[in-house]
Amino acid sequence: MGEQEDQNTQSTSNSGQAVRATSANLNPDISAIGDFRSFYTSDGSRNWDAYVQGVELNFSSAIDPYAKAEFYPVFEGEGGELNAKIEEVYLQSLSLPYNLQLKAGKFRQAFGRINTVHRHALPVIDVPVAYENFFGEALIDQGFSLSWLIPNQSFYQELIVEGTRGSEESPLFAYSEENQPQLLAHLKNFWELNENSTLELGLTGAIGDNEVSQKTRIGGIDITYKWSPIRYNTYQSFEWQTEFYFSEFEQSPTEAINAWGMYSWMQYQLSRRWYLTGMYSYSENPQLVDFEEQAISATFGWYATEFQKLEFGPKLSTQNSFSDSAFSGLFRWVFVIGSHGAHQY
Amino acid sequence: MEPININPFYYSISQVFIMKKITILLLSFLFTIISFTAEAQIRVVTTLPDLASITRHVGGDRVDVFAIAKGYQNPHFVDPKPSYIVKLSRADMFITVGLDLEIGWAPQLVQSSRNNKIQRGNAGYVDASEGISLLQVPSSTSREEGDIHIYGNPHYWLDPVRGKQVAETIYHHLSDISPENEALFRKNLESFKQEIDERLNDWQQKMEPFKGTKIIAYHNEWVYFEERFGLEIVGFLEPKPGIPPTPSQLVSVIQKVKNDNIPVLINSPYFSSKSPEVVARNTGVEIVKLATMTGGYDEIENYFDLFEYNINALTESLKNRQAN
């Protein structure tokens, strides 16, 4: 029989409050997330591997009544080694006037939907090929981000504008030697269709210098439909998310490569702990002509609790033609300790 | 040449202009009065509908209240939809159950609201667990124990006496925000407390014959209700809080029900009925669906209805079991 009140608990008169008052709650919330992977692939001389994809730490706390801070040091797996870096570090205002919110530091930029989400939180093991071709590991940069909650009483609208120094972690942008900030704008529109379903439509545009000292322009459209019956939302849910990317990469003042890419995934919650996600992604390469890549995958997820999940599934990817296709079997185990905050809806 | 008055109610152009101006001024004044009266309402957003119900009792017509969660929804797992941020951005007050019950969704919404008034530590942020005498405060914490609440069991609103403390807390914060209405809030508070006391007598009388009755529950959310009304919850379908029922746990519960002749198993609106039905098929135990929040079922329109519904459902079931 499950013992849910054992010798470790006690009735109390206000001692819960006393615990809260004297505890070390001035310390930040701290969490650590482990991402372990294994795969089999039909491509290459070595067909399998098992490795730690990364460890993400998070320190989060209010600085004072005016702002909070987030730190994300990560250890990224590469060639069997774990290399440390700071993925994000920023402060964010809590209460500016006129429904504004300011962020400053190093952060995942507000491009589309999945760029702001840490990989371990995605319902798929590998990021879409379109995302990888356009943004590499992620579109992360250093600078300012100003968000405005548009005073629209009919539905949620948020406008985000960002000015950053020039992303060196993304293939399409670079730090400029000129006085040219990288600029981004994202408009998020969110509707509650009824109490069980929602629709989000986002539009993004970014412009900045690239590695050949010309301009790169990227546009994006993201559409997300979610259904989750309020009464039984721990047992059933459905999500359909699609993003399109369009880029213009100037190679010289007179030459540019235009490319596009997209992904679309559907995730269905089969039961309390089981999820199934099917994803298709197509991408041209923003820096190469006559190159296209496609991938289709299925991911089964077993979410033991909110703090641990196991995922596995097949993936078929092709480059240019089906003769360049590779089949993979993927496995991922994500686990969290500490007090990790909630992810965005 | 004099104008010909073809209409006895003929007015000159200047008279019409003056009348139009006066009409516009009067209408503007009227709308100003109306908008002033409307804006005098304190906008309150609560996490749960019971906090909303209590706030309506205490605040009366001085408050405009919105509850984020629905009464038939699992309060641990509310989706933090951006649309709630719009409500929070305009709120004068935000009321939370606290004790980390809403840790998975509420803090993110409040911090995204851009509303200084309702940030933690400010006058409009209300933790309804203030002054509550808590049960099941763990002396050691580990997630090995499941999804435990490290500050104590947070489902305290399921005790009407503690509900009076919640009302007291809300009264103090409303009075801080709107001191000119303090007398009204005090009157409403006393009326609320009096009604709780009167109805509590009635509820306890109904439950008196069943004091000490052993029952099974799906999740550990009834400890305050159990304490107040003299029940004894001897087991749960969840082997540990937040862990779905396992076959071995169900076998254990079935054995317990048979050995102790346990009459009822209580379930909540947002938990699956599959596991309770397995236990019922194997033991004959009666499944009673109780609401944990206002709005959990259509008949439960306010905080008083919550206990009325639950006490009636429980006593009816226990009487039937006794009769059989």
Side-chain angles (χ1 to χ4, degrees), chain A residues 1-17 19-20 62 65-66 68 92-101 147-149 151-153 155-156 158 188 190-192 195 198 200 226 228 230-235 272-273 304-307 337 339 341-345, chain B residues 70 72-74 77-83 85-86 89 99 103-105 107-108 111-117 119-122 129-141 143 145-147 150-152 220 223 234-236 238-244 249 252-253 256 269-270 272:
Chain A
M1 177 69 68
E3 290 288 336
Q4 296 189 27
E5 183 180 7
D6 57 19
Q7 290 91 354
N8 284 337
T9 68
Q10 57 190 18
S11 298
T12 181
S13 178
N14 291 330
S15 68
Q17 295 229 17
V19 167
R20 290 200 297 281
Y66 308 108
K68 69 167 191 174
Q92 185 170 60
S93 66
L94 292 173
S95 53
L96 289 180
Y98 309 116
N99 286 340
L100 294 169
Q101 195 162 58
S147 153
W148 179 40
L149 184 60
N152 178 346
Q153 298 306 313
F155 60 94
Y156 179 93
E158 182 184 4
K188 176 172 171 171
F190 179 89
W191 296 270
E192 267 198 76
E195 76 171 15
T198 62
E200 180 174 329
K226 289 192 184 189
S228 180
I230 277 198
R231 187 184 292 266
Y232 296 119
N233 68 342
T234 55
Y235 299 97
R272 172 99 185 245
R273 287 163 147 178
T305 63
E306 307 123 74
F307 309 105
I337 58 173
S339 52
H343 292 113
Q344 68 171 15
Y345 178 75
Chain B
K70 296 281 190 279
Y72 41 85
Q73 184 172 16
N74 191 327
F77 299 112
V78 174
D79 289 322
K81 296 175 189 171
S83 43
I85 295 173
V86 177
S89 70
L99 307 177
I103 188 73
W105 52 278
Q108 177 189 18
Q111 286 170 8
S112 298
S113 71
R114 293 112 160 119
N115 186 348
N116 190 41
K117 286 185 282 190
Q119 297 303 319
R120 193 184 197 101
N122 289 347
S129 68
E130 282 174 31
I132 296 288
S133 172
L134 297 171
L135 298 178
Q136 294 180 343
V137 178
S139 53
S140 65
T141 58
R143 288 218 177 100
E145 304 304 319
D147 195 9
I150 64 173
Y151 300 116
N220 186 11
V223 65
V234 295
F236 303 94
E238 291 180 338
K240 292 185 178 178
I243 305 298
Q249 178 67 7
S252 182
V253 168
K256 183 89 184 165
Y270 37 78
S272 166

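By convention in this document, chain letters (A, B, ...) are assigned in the order of the sequence lines, proteins followed by strands, and residues within each chain are numbered from 1.
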- Winner by heavy-atom pair count (cut-off under 4.5 Å) against chain A, out of B:T141, B:V86, B:V78, B:N116: B:N116

- Query: For A:R272, is it the side chain, the backbone, both, or neither that has a heavy atom closer than 4.5 Å to a heavy atom of chain B?
  - Reply: side chain

- Does any heavy atom of chain B fall under 4.5 Å from the side chain of A:Q101, the backbone, both, or neither of them? both

- Query: Do the charged groups of A:E195 and A:R231 touch, with an N to O distance under 4.0 Å?
  - Reply: no

- Task: With side chain to side chain contact (heavy atoms under 4.5 Å, CB included) as the test, would you mind laying out the steps for B:K117 and B:N122 before giving the verdict?
- Result: CA-CA 6 Å; B:K117 286 185 282 190; B:N122 289 347; 6.0 Å; no

- Message: Taking atom OH as the centre, does A:Y66 end up with more than 12 heavy-atom neighbours from other residues, nucleotides or ligands that are less than 6.0 angstrom away?
- Response: no

- A:W148: what forms a ring pair (Phe, Tyr, Trp, His ring centres under 6.0 Å) with it, not counting sequence neighbours? none

- Message: As an exercise: rank A:N152, A:L96, A:N233, A:T198 by heavy-atom pairs under 4.5 Å with chain B and give me the winner.
- Response: A:N233

- chain A contacts, top residue of B:S272, B:S89, B:G121, B:S112 (heavy-atom pairs, under 4.5 Å): B:S272

- Message: Would you compute the distance between atom CD of B:Q136 and atom CG of B:N220 and round it to the nearest 0.5 angstrom?
- Response: 4.5 Å

- Note on the structure: chain B shares the most heavy-atom pairs under 4.5 Å, among A:P151, A:S95, A:P97, with A:S95

- Segment of A:S147 engaging chain B (4.5 angstrom heavy-atom cut-off): both

- Query: Highest number of heavy-atom pairs under 4.5 Å with chain A: which of B:Q73, B:K81, B:Q111?
  - Reply: B:K81

- Task: Output all residues satisfying ring pair (Phe, Tyr, Trp, His ring centres under 6.0 Å) with A:F190, sequence neighbours left out; order by chain, then residue number.
- Result: A:Y345

- Item | Contacting moiety of A:N99, where chain B heavy atoms sit under 4.5 Å | both

- Note on the structure: If one checks every heavy atom of B:D147 against chain A at 4.5 Å, the contacting part turns out to be side chain

- Item | A:E158 vs B:P82 side-chain heavy atoms within contact, under 4.5 Å | no

